[in-house]
Amino acid sequence: MELVVEQNCPSCGAPIVLHETDRLVSCPYCDVNNYMVGGGGLRFLLRAGCPAGIGPEDLLYLPYLRFKGCIYQCQGVEVRHAMIDTTRIAVAHDRLPMSLGLRPQAMQLVQGTAAIAGRFVPQQVKSESVFAQALRLTALFKREANGQVRHRAFIGETISRVYLPAFEKDEMVVDAVTDLPIMEQGLEWQKLVAAAVPFRRDWEPRFLSTLCPRCGAPLHGEADALVLQCRNCETMWEEADGRFAAVAWGRVPGAAAADRALPFWKIAIRQDGDGGLQTYADFLRLTGQPVVIRAEDDARPLVFWTPAFKLQPAAFLQTAHYLTVAQKRLVDGEPGSLPIAYPVNLPRREAVQALKSVLAAATLARKRLFPLLPALDLQAAATTLVYLPFADAGHDLIQRQTGVVIAAAALRFGRKL
Ligand SMILES: [Zn+2]
Ligand SMILES: [Zn+2]
């Protein structure tokens, strides 16, 4: 479930309520749009209630890491997947709550800023080991383990920090949200207190003005869009290293006015590897596709096509698999007018991380391919954003060139991931 966060407008300071994955902060008061940089590094606070005698400056904030996304795991001869959505404590302490449970979802959170009084306990446990703990709670580990894990990827990830406020009272540590005691103070607690620091200004999110860097016109996008569009000069922009960078893009025109344009990452694979996966023919052979391989397939460099939007794992893998197999029928298109663009909400970096899982899902010869997965080096040489047309058939959207189907419900559900 998505978190809801209160954030002050970076232009006028008015309070705005955002969803966790929103990047475009649209202020209804001053009518200015700002783009929030820092996907992943955000710090949210549970709102504290301070009883008499306790001030905001007395609060100690305890760090929890939040993981939300899909895990793909190639194990034995299966591609398994699970959704993860959890918070886990990020300090080594066995008497503090391990997880915040449903509280971050039930409450409106506050975006952390340097204006917040109180002190913040630093993360003490590596994110990787906190994640490994969280992973053990997923469905991937509930079933009987069968076969060696060849590959694992965490996709569509949100990693943020959620802080639990607490205060000290009569030898006890008290949860400042519920006003209930958590535990007695002790030596371990004193160590946490001693390490706490004020909120640092460089932990605050940064904002970019949403004017086209090329022509100065306003950029467009939905709240969760990672790629913003300039309708004036027909360019696309994504944040990279704290500024907007132009995205290579194209759109394949639809066959009807009602066609939907959905965004995909077209990922060319680096050709200097020695993994034996360089051409489209290599792909067909390695995955054992039941097709005749032609001479032209040996000359065609391999590309992967993955959705540039979130879908639940099974739908994501299937869509990427079918489009990659059907790549001969797809073209890049060219930039042009794109009135209604479905938002790009899956970063290219994560699409690249999903490639091995897509390859595994596409393969019919699993006994042969899966042992090769760990050593396989799939790196992106170039990524292009391509909007492909889909006919709207009510319950299904049908890709015009390939006939690949995405259920309308899967699209709706993906928006909430
Ligand atoms: Zn404002
Ligand atoms: Zn422009």
Side-chain angles (χ1 to χ4, degrees), residues 1-8 15-25 36 38-49 59-71 81-91 96-113 116 118 120-121 123 125 127 130-142 154-166 174-180 182 199 203 205 222-224 226 309-313 343 345-346 350 409-417:
M1 226 177 112
E2 255 199 325
L3 305 185
V4 176
V5 182
E6 188 182 305
Q7 152 84 50
N8 290 336
I16 305 176
V17 173
L18 295 179
H19 290 278
E20 182 183 23
T21 50
D22 287 355
R23 288 293 165 264
L24 205 58
V25 182
M36 181 161 43
L42 298 175
R43 293 163 194 262
F44 308 123
L45 321 180
L46 291 173
R47 195 186 289 278
L59 295 174
L60 277 154
Y61 287 92
L62 302 167
Y64 287 75
L65 285 178
R66 168 166 161 81
F67 301 99
K68 180 168 183 261
C70 308
I71 298 155
H81 35 71
M83 309 288 295
I84 189 166
D85 183 352
T86 187
T87 50
R88 306 292 295 172
I89 194 162
V91 296
L96 292 169
M98 287 305 292
S99 158
L100 295 173
L102 292 173
R103 283 204 276 176
Q105 287 145 22
M107 297 174 62
Q108 188 165 308
L109 304 181
V110 181
Q111 177 86 58
T113 67
I116 294 191
F120 291 76
V121 174
Q123 177 177 343
V125 186
S127 302
V130 182
F131 180 64
Q133 274 179 18
L135 198 60
R136 276 184 222 118
L137 304 175
T138 66
L140 289 178
F141 284 79
K142 281 177 191 150
F154 180 37
I155 311 293
E157 67 206 66
T158 310
I159 303 177
S160 45
R161 288 177 180 75
V162 182
Y163 289 91
L164 172 67
V174 182
D175 180 326
V177 178
T178 57
D179 207 12
L180 294 171
I182 302 173
F199 196 96
W203 289 346
E222 294 191 45
D224 58 343
L226 298 173
F309 47 94
K310 289 179 184 168
L311 282 175
Q312 59 200 105
N345 58 20
L346 186 82
E350 290 173 34
L411 209 57
R412 278 197 301 277
F413 185 73
R415 204 70 192 274
K416 299 195 183 91
L417 292 179

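Computed over heavy atoms, backbone and side chain alike; hydrogens, waters and symmetry mates excluded.
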### Stepwise side-chain contact (heavy atoms from CB on, under 4.5 Å) check, Arg103 with Thr178
CA-CA 11 Å; Arg103 283 204 276 176; Thr178 57; 3.6 Å; yes
Indicate the atoms forming the closest heavy-atom contact of [X] with [Y], along with that distance.
{"X": "Pro97", "Y": "Ile182", "answer": "CD-CG2, 3.9 Å"}
{"X": "Arg43", "Y": "Tyr163", "answer": "NH1-OH, 2.8 Å"}
{"X": "Pro104", "Y": "Leu3", "answer": "O-CD2, 3.5 Å"}
{"X": "Gly112", "Y": "Leu45", "answer": "CA-CG, 4.2 Å"}
{"X": "Leu59", "Y": "Ala48", "answer": "CD1-CB, 3.6 Å"}
{"X": "Thr86", "Y": "Arg88", "answer": "OG1-CD, 3.9 Å"}

pair [X]-[Y]: side-chain heavy atoms closer than 4.5 Å:
{"X": "Met36", "Y": "Leu42", "value": "yes"}
{"X": "Leu109", "Y": "Leu46", "value": "yes"}
{"X": "Ile16", "Y": "Val25", "value": "yes"}
{"X": "Val177", "Y": "Met107", "value": "yes"}
{"X": "Gln105", "Y": "Asp85", "value": "yes"}
{"X": "Cys70", "Y": "Gln312", "value": "no"}
{"X": "Arg161", "Y": "Leu65", "value": "yes"}
{"X": "Phe131", "Y": "Ile71", "value": "yes"}

### Task
Please step through side-chain contact (heavy atoms from CB on, under 4.5 Å) for the pair Phe67 and Val130, ending with a clear verdict.
CA-CA 10 Å; Phe67 301 99; Val130 182; 3.8 Å; yes
Euclidean distance, [Y] [atom2] relative to [X] [atom1], rounded to 0.5 Å:
{"X": "Leu226", "Y": "Phe309", "atom1": "CG", "atom2": "CZ", "answer": "13.5 Å"}
{"X": "Ile84", "Y": "Lys68", "atom1": "CD1", "atom2": "NZ", "answer": "12.0 Å"}
{"X": "Phe44", "Y": "Gln108", "atom1": "CZ", "atom2": "CD", "answer": "12.0 Å"}
{"X": "Ile116", "Y": "Gln111", "atom1": "CD1", "atom2": "CD", "answer": "8.5 Å"}
{"X": "Leu346", "Y": "Ile155", "atom1": "CG", "atom2": "CD1", "answer": "7.5 Å"}

#### Entry: By side-chain hydrogen bond (donor to acceptor under 3.5 Å, both in side chains) - contacts of Tyr61 (at least two apart)
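With sequence neighbours excluded, Tyr61 shows a side-chain hydrogen bond (donor to acceptor under 3.5 Å, both in side chains) to no residue whatsoever.
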### Task
State which residues pass side-chain hydrogen bond (donor to acceptor under 3.5 Å, both in side chains) with Glu222; sequence neighbours excluded, sorted by chain then number.
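Once residues adjacent in sequence are excluded, the partners of Glu222 under the side-chain hydrogen bond (donor to acceptor under 3.5 Å, both in side chains) criterion are Arg415.
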### Query
Quick check: does any side chain N or O of Thr87 sit under 3.5 Å from a backbone N or O of Ser99, one acting as donor and the other as acceptor?
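Absent.
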### Query
Under 3.5 Å, is there a donor-acceptor pair between the side chain of Asn345 and the main chain of Lys310?
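Present.
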### Query
Got more than 12 heavy atoms from elsewhere within 6.0 Å of CG, Leu180?
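Atom CG in Leu180 is packed in, count exceeds 12.
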### Task
Determine the sole option in Leu62, Leu96, Leu100 for which the side-chain contact (heavy atoms from CB on, under 4.5 Å) test with Ile89 is passed.
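Of the listed options, the one satisfying the test is Leu96.
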